2 protein chains.
Amino acid sequence: MTAVPTRRRLLDAAVPLIVEAGWGGVSTRMVAERAGVAPGVVHYHFSSVTDLLAEAGTEVTGRLLEEFAGGLARHADLGDGVRWMVAELGRYPGTDPASLLVAELYLAATRIPELRERLRGQVGGFRAVVAAWLRERGHEGDADAVAAVLAAAMDGIVLHRALDPALDPDRLAAPLLALVREGTR
Amino acid sequence: MTAVPTRRRLLDAAVPLIVEAGWGGVSTRMVAERAGVAPGVVHYHFSSVTDLLAEAGTEVTGRLLEEFAGGLARHADLGDGVRWMVAELGRYPGTDPASLLVAELYLAATRIPELRERLRGQVGGFRAVVAAWLRERGHEGDADAVAAVLAAAMDGIVLHRALDPALDPDRLAAPLLALVREGTR
DNA sequence: GAACGCCTTGGACGACTGTCCAACACACTA
DNA sequence: TAGTGTGTTGGACAGTCGTCCAAGGCGTTC
């Protein structure tokens, strides 16, 4: 059996802690304890706790966005794609770890320029992928704008679902379809 | 001149602090100092700092949503209303105090049930107002669903704009119009 | 075997935290 | 004038925080 490097274990321990305690609630000792190492080791591998959290967080969001973009690519039809997106929304009720992590990162990014830059790149890339997907499937309008609204709506829906679990994603499919269909013939 | 009651001053001091330091970063002494009172006074008027923040925050969000609903009511045409909404979005680049406060509250609500209930009520009420507005202006589809997507998209756009200031709200008007026009004849 | 670099340990440091409370100020009623 | 109640003060309390660092464990190289 190969031992997991300490640095890796710190990153893995940080992610669930951001979700449980919130960005500002994660302490050096918490991460160290969950990773099973001494407290001092955090500052050996990372310049600060914030640095560790930012790296651990964006690692996950990058993976999430890539998976999502990959799933979208598997759908040849605009309607199928949107319906798949709505089904995917069902997996993120807003109170699950992934949704909470993303929300924590968005918020922390407003205060940490370096984190904001990383997230901006990831989200911007995702928007570009969606826009390209729209164009390839026959969208002839302002695909960039539609992609931006679509991406923002997805995040917003997850956020609102966290407040109100009664908000049924399936019912939202029709309006989202209308959004995507605009500009096609 | 009438003196502002201490309780009121604490609430007023708490709001900008949530924005500056983040929900978890606001301390008893911070609020007291900014309000110009002794630290102990916080626990005389509120059962905890969290309680103070929740009350101060929802007071502001309630006012914001009411103003927004009122502004929407002034527009007789669906198109005019959406264009007004987009213009309104320009006032919330995501890094302004109001946007940040709302984001902080959304996130804190995932961990504080009582706050979640209050926010859920406010946002639910707002969705209902938008849905009614849609129906009165001739929307014959699932106005509740459209209102939900519209409200979520607004929040999502603010969030994304915080990451990427280059995201131009004006360009998003067309897709949002398509969203609202679905179901009208 | 000695010397080296990488990694880890566990505690020291000063600063800050939320909460609580005895003491006190002031306006009001009896 | 004495008494009561509301509001305020500033510090005590036990705890946690991020960061740093002397000390030591190892595997590799000379």
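Protein chains get the first letters and strands the later ones, always in sequence-line order, with residue 1 at the start of each. Every value quoted in this text rests on a predicted model; they were computed, and no experiment measured them.
Residues satisfying the salt bridge (charged side-chain N to carboxylate O under 4.0 Å, His left out) test with B/E136, not counting sequence neighbours, are none. Applying the side-chain contact (heavy atoms from CB on, under 4.5 Å) rule to B/E20 yields the partners B/P16, B/L17, B/R34; only residues at least two apart in sequence or on another chain are considered. Judged as a ring-ring contact (aromatic ring centres under 6.0 Å, His included), and not counting sequence neighbours, A/F46 has no contacts. When the ring-ring contact (aromatic ring centres under 6.0 Å, His included) test is applied to B/F68, the partners found at least two apart in sequence or on another chain are B/W84, B/F126.
Note: CZ (A/R29) to P (D/dG15) measures 15 Å, nearest angstrom. Separating the CZ atom of B/R8 from the P atom of D/dG7 is a distance of 16 Å, rounded to the nearest angstrom. Put simply, CG on A/D51 is 13 Å from P on D/dC20, counting in whole angstrom units. Rounded to whole Å, the distance from CG on A/L17 to C1' on D/dG18 is 16 Å. Going from atom CG of A/L53 over to atom P of D/dT19 covers 11 Å, rounded to whole Å. Summarising the geometry, the separation between CZ on B/R7 and P on D/dT6 is reported as 15 Å, rounded to the nearest angstrom. Between the CE atom of A/M30 and the C1' atom of D/dG15 there is a distance of 13 Å, rounded to whole Å.
The 5' end of DNA chain D is approached more closely, in terms of each residue's nearest nucleotide, by B/T6 than by the other of A/G24 and B/T6. Both A/V26 and B/R9 lie near DNA chain D, and the one whose nearest nucleotide falls closer to the 5' end is B/R9.
Ion pairing between a basic and an acidic side chain is recognised when a charged N comes within 4.0 Å of a carboxylate O; B/E66 and B/R63 show no such pairing. Between B/R9 and B/D12 there is no salt bridge, since none of the side-chain N atoms of the basic residue sits less than 4.0 Å from a carboxylate O of the acidic one. One finds a salt bridge joining A/R135 and A/D144 here, because a Lys/Arg side-chain nitrogen approaches an Asp/Glu carboxylate oxygen to under 4.0 Å.
Residues from residues 38-50 of chain A that place a heavy atom under 4.0 Å from any atom of DNA chain D, listed by number: A/G40, A/H43, A/S48, A/V49.
The two residues A/A32 and A/V42 make their nearest non-hydrogen contact at CB-CG2, 4.3 Å.
You'll find that the side chain of B/T28 is closest to C/dG18, out of C/dT9, C/dG18, D/dT8.
Clustering ILVMFWY residues whenever any of their side-chain heavy atoms sit less than 4.5 angstrom apart, transitively, puts A/L101 in the very cluster that holds A/L163.
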Heteroatom pairs (N/O) under 3.5 angstrom, protein to nucleotides 14-16 of chain C:
none

